[in-house]
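To start, the structure itself, in structure tokens.
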Amino acid sequence: MPSNDARILAQAAVPTAAVGVLAAVVGGVVAGGKGAIGALVGAVIVILFMGIGLYVLQRTARSMPQLFQMMGLMLYAAQLLLLFVFMAMFKNTTLFNPRAFAITLVAATLTWIAAQTRAHMKAKILYVEPDKADKAEKTGHSS
């Protein structure tokens, strides 16, 4: 993963992990050990889903840039749908507190999206590759 991609991943994952830890503390205080476990499971699921999604999106951008925007929209819709499916699957579980799980899932997802958006806005990503632009100017042809 190139440094820009790794930087964006870290800038999204770290705040999300912090929200997960905070949710685990609150879940532990409010609902005991099962609340803390539910919050941690929710945060880990969000970090895995969104991290894998970011990786897939970056690979798509490199290999098929013409599909980048469509793939991004489809990917986020699929991720949110899968997160709702996870909330529905674990609605009546006794392994952990489902309310702490669901609240953390939503809070961590919103945190990830906000942090990733901020990271992309702050990143200095070139829209044109300088080598190709220079060649196009010198020859009069676009690549």
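Bear in mind the structure is a predicted one, so any value in this text is a computation, not a measurement. The analysis underlying the following values was restricted to heavy atoms, covering all of them including side chains, and did not include hydrogens, waters or symmetry mates.
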- [ ] State yes or no: do Val85 and Leu95 share one hydrophobic cluster built from I, L, V, M, F, W and Y residues joined by side-chain heavy-atom distances below 4.5 Å, directly or via other members?
- [x] yes

Open item on the list: Once rounded to the nearest 0.5 Å, what's the spacing between atom CZ of Arg59 and atom CG of Leu57?
Closed with: 12.5 Å

Task: Step-by-step side-chain contact (heavy atoms from CB on, under 4.5 Å) determination, Met50 to Thr16 - done: CA-CA 10 Å; Met50 297 300 201; Thr16 305; over 6 Å; no

- [ ] Identify whether Phe84 and Val46 are in the same connected component of the hydrophobic contact network (ILVMFWY, side-chain heavy atoms under 4.5 Å).
- [x] yes

Open item on the list: For the OG1 atom of Thr117 and the NZ atom of Lys122, what is their distance to the nearest 0.5 Å?
Closed with: 13.0 Å

TODO: Search all heavy atoms of Pro98 against all heavy atoms of Phe90 and return the closest pair with its distance.
DONE: CB-O, 3.5 Å

Task: Connected via hydrophobic side-chain network under 4.5 Å: Leu48 and Val41 - done: no

Open item on the list: If I compare all heavy atoms of Ala12 with all of Ala115, which pair ends up nearest, and what's the gap?
Closed with: CA-CB, 3.8 Å

Task: same_hphob_cluster(Leu110, Leu105) at 4.5 Å side-chain heavy-atom cutoff - done: yes

Task: Met89 CE: over 12 foreign heavy atoms closer than 6.0 Å - done: yes

Task: Distance (rounded to the nearest 0.5 Å) between Tyr76 OH and Leu54 CG - done: 6.5 Å

Task: Cluster overlap Tyr55 with Met64, hydrophobic side-chain contacts below 4.5 Å - done: no

Open item on the list: Using 0.5 Å steps for rounding, measure from the CD1 atom of Ile52 to the CD1 atom of Ile47.
Closed with: 12.0 Å

Open item on the list: I want to know whether Phe101 and Phe86 have ring centres closer than 6.0 Å.
Closed with: no

Task: Heavy-atom side-chain contact between Ile37 and Asn97 under 4.5 Å - done: no

TODO: Check whether any side-chain N or O of Gln79 sits under 3.5 Å from a backbone N or O of Phe49 as a donor-acceptor pair, and report yes or no.
DONE: yes

Task: Side-chain donor/acceptor of Lys34 to backbone N/O of Thr94, under 3.5 Å - done: yes

- [ ] Measure across Gly20 and Ala43 and return the closest heavy-atom pair with its distance rounded to 0.1 Å.
- [x] CA-CB, 3.5 Å

- [ ] Supply the atom-to-atom distance His120 NE2 to Gln11 CD, rounded to the nearest 0.5 angstrom.
- [x] 9.5 Å

TODO: Check whether any side-chain heavy atom of Ile8 lies under 4.5 Å from a side-chain heavy atom of Gln116, and answer yes or no.
DONE: yes

TODO: Find the distance between OG1 (Thr109) and CG (Leu83) and round it off to the nearest 0.5 Å.
DONE: 4.5 Å

- [ ] Can you see which heavy atom on Ala23 is nearest to which on Thr104, and at what distance?
- [x] CB-OG1, 3.3 Å

TODO: State, yes or no, whether a side-chain contact exists between Arg118 and Met121 at a heavy-atom distance under 4.5 Å.
DONE: no

Open item on the list: Taking atom CD as the centre, does Gln66 end up with more than 12 heavy-atom neighbours from other residues, nucleotides or ligands that are less than 6.0 angstrom away?
Closed with: yes

